[in-house]
Amino acid sequence: MATKDFNTADTATAIQTIDQIVDVIAATAPEIRTGLPGRRIKSEETNPSGETQMAADVFADDLLCKRLGALEGVGEYASEERPESIDVGTGDLSVAVDPLDGSSNLKPNNTVGTIFAVYDAPLPAHGRDLVAAGYVLYGPIMTMIVARDNTVSEYVITDESNYELVREDITLPDEGTVYGFGGRVPDWTDDFTEFARDVEKDPSRKLRYGGSMIGDVNQILTYGGIFSYPALESTPEGKLRVQFETYPIGYILETAGGSSSDGEKSLLSVDKDDLHARSPLHIGNTDLIAELEAALA
Ligand code: F6P
């Protein structure tokens with residue numbers, strides 16, 4: 001994947017703003033994590049996708065909006081939890097976040113994450129406008145993946161003022177060994193069901209599915225393989241949101257040498273002009289994504 005030139009007037013400012021966004025995400029993550037125990041309850045509200053918000057979703061969104069919105073180089077902020085993007089300043093970059101991906105996992109105390117996407121364009125932006133993307137994984141260890149400048153790095157976040165680089169130039173292992181597929185199996189299309197059964201038949205692969213996309217994607221980044229949240233018979237656009245989930249995750253996986261697809265083409269080529277539009281998502285090793293696209297053609 002080629003490094004994108006900035007659309008904005010001043011490249012140095014844009015680079016500095018991305019550094020600051022990454023710093024803010026790393027500094028806010030420990031506070032989000034500390035705030036989770038008392039917020040495992042549903043709020044009274046639904047998000048623009050019609051899902052009941054957890055108190056933790058609203059809490060994380062408010063914190064991130066305040067902190068990211070205060071950066072001089074950021075002009076717009078949007079999140080899965082608010083209907084519209086908001087103007088936060090005069091900067092050229094836009095930030096879109098899923099403040100707490102997989103928040104239904106809070107009740108059983110399983111993995112959740114924070115996803116961020118930095119676009120060099122007003123929102124809703126296109127995948128080709130991405131200049132950086134990443135996520136925090138609130139697992140046993142708090143890690144942060146960042147894709148920018150054509151490379152993917154992993155950090156360990158220790159506290160509000162420290163995060164440490166632990167892996168550079170991350171690439172997917174050549175032989176993918178895990179797979180995970182979301183959605184109700186009876187709701188899968190026949191073509192996808194057949195593909196999934198073929199993937200399962202290979203004795204070198206095993207199922208790893210947790211129900212929180214960030215946890216499931218991090219399995220693929222670590223072990224290689226394939227993760228899908230496919231088109232469903234009941235919802236042909238799948239579940240995941242383009243601006244906040246499928247563009248940034250596609251960008252990270254492609255930067256790490258893997259592939260992404262909506263079933264036909266790269267996730268980064270998806271054209272959707274609604275802020276909360278959805279798309280099927282498939283990410284993983286290039287050979288598996290090619291097989292998937294052939295199976296769905
Ligand atoms: O986008 C939200 C999310 O929680 C993802 O993290 C996850 O992959 C998916 O929804 C799981 O949804 P469901 O349990 O409804 O299939």
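When reading the values below, keep in mind they use all heavy atoms of this one structure, side chains included, and skip hydrogens, waters and symmetry mates.
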Problem - Check: Val58 and Arg82 side chains under 4.5 Å, non-hydrogen atoms - result: no
Exercise for the section: Without swapping roles, check the side chain of His276 against the backbone of Val242 for a donor-acceptor pair under 3.5 Å. Expected result: no
Practice task
Go through the structure and list residues passing salt bridge (Lys or Arg N to Asp or Glu O under 4.0 Å) with Glu72, not counting sequence neighbours.
Solution key: none
Practice task
With salt bridge (Lys or Arg N to Asp or Glu O under 4.0 Å) as the test, would you mind laying out the steps for Asp120 and Arg128 before giving the verdict?
Solution key: CA-CA 9 Å; Asp120 186 8; Arg128 65 177 165 260; over 6 Å; no
Problem - side chain to side chain contact (heavy atoms under 4.5 Å, CB included) evaluation trace for Ser212 with Asp101 - result: CA-CA 7 Å; Ser212 161; Asp101 173 67; 3.9 Å; yes
Practice task
Establish, for the pair Arg33 and Tyr138, whether the NZ or CZ atom is under 6.0 angstrom from the six-membered ring centre and no further than 45 degrees off its axis.
Solution key: no
Exercise for the section: Spell out, as yes or no, whether a donor-acceptor pair under 3.5 Å connects the side chain of Ser266 to the backbone of Leu268. Expected result: yes
Practice task
Verify side chain to side chain contact (heavy atoms under 4.5 Å, CB included) between Leu71 and Ile21, making sure each step is shown before the conclusion.
Solution key: CA-CA 8 Å; Leu71 297 176; Ile21 291 168; 3.7 Å; yes
Problem - Whether Thr114 side chain and Pro99 backbone form a donor-acceptor pair below 3.5 Å - result: yes
Handout entry: Backbone of Val270 reached by a side-chain donor or acceptor of Tyr247 within 3.5 Å
Key = yes
Practice task
Begin from the C-alpha positions of Glu51 and Arg241 and carry the test salt bridge (Lys or Arg N to Asp or Glu O under 4.0 Å) through to its verdict.
Solution key: CA-CA 13 Å; Glu51 299 157 350; Arg241 274 125 304 203; 3.1 Å; yes
Problem - Reported CD-to-CD distance for the pair Glu164 and Glu154, which is rounded to 0.5 angstrom - result: 11.0 Å
Handout entry: Sequence-distant partners of Tyr179, ring pair (Phe, Tyr, Trp, His ring centres under 6.0 Å), two or more places apart
Key = Phe181
Exercise for the section: For the pair Arg167 (side chain) and Ser153 (backbone), establish whether a donor and an acceptor sit closer than 3.5 Å, ignoring hydrogens and angles. Expected result: no
Handout entry: Residues Tyr77, Asp87; criterion side chain to side chain donor-acceptor pair (under 3.5 Å); working and verdict
Key = CA-CA 7 Å; Tyr77 172 90; Asp87 288 336; over 6 Å; no
Problem - Side-chain heavy-atom pair Phe192, Pro280 within 4.5 angstrom cut-off - result: no
May I have the list of side-chain donor-acceptor pairs in residues 231-238 shorter than 3.5 Å, sequence neighbours left out?
unit_1, atom_1, unit_2, atom_2, d
Ser234, OG, Asp187, OD1, 3.4
Ser234, OG, Asp187, OD2, 2.5
Glu237, OE1, Lys272, NZ, 2.5

Handout entry: Side chain proximity check, Ser260 to Ile289, heavy atoms < 4.5 angstrom
Key = no
Exercise for the section: Check whether any side-chain heavy atom of Asp61 lies under 4.5 Å from a side-chain heavy atom of Leu63, and answer yes or no. Expected result: no
Handout entry: Pair Glu160 + Arg67: basic N to acidic O under 4.0 Å
Key = no
Exercise for the section: Ignoring hydrogens and angles, tell me if any N or O in the side chain of Thr143 forms a donor-acceptor pair with the backbone of Tyr155 under 3.5 Å. Expected result: no
Handout entry: side chain to side chain donor-acceptor pair (under 3.5 Å) between Ser204 and Asp202, worked out
Key = CA-CA 5 Å; Ser204 69; Asp202 186 328; 2.7 Å; yes
Practice task
Measure the shortest side-chain to side-chain distance between Asp57 and Asn47 over non-hydrogen atoms and say whether it is less than 4.5 angstrom.
Solution key: no
Handout entry: Ile15 side chain reached by Phe6 side chain, heavy atoms, under 4.5 Å
Key = yes
Exercise for the section: Begin from the C-alpha positions of Thr222 and Ile170 and carry the test side chain to side chain contact (heavy atoms under 4.5 Å, CB included) through to its verdict. Expected result: CA-CA 9 Å; Thr222 309; Ile170 297 175; over 6 Å; no
Problem - Any donor-acceptor pair under 3.5 Å from Asn109 side chain to Leu106 backbone - result: no
Handout entry: Any donor-acceptor N/O pair, Asn285 side chain to Gly225 backbone, under 3.5 Å
Key = yes
Practice task
Before accepting this row, confirm whether a basic side-chain N of the pair Glu200/Arg197 lies closer than 4.0 Å to the acidic partner's carboxylate O.
Solution key: yes
Practice task
Before accepting this row, confirm whether a basic side-chain N of the pair Asp271/Lys265 lies closer than 4.0 Å to the acidic partner's carboxylate O.
Solution key: no
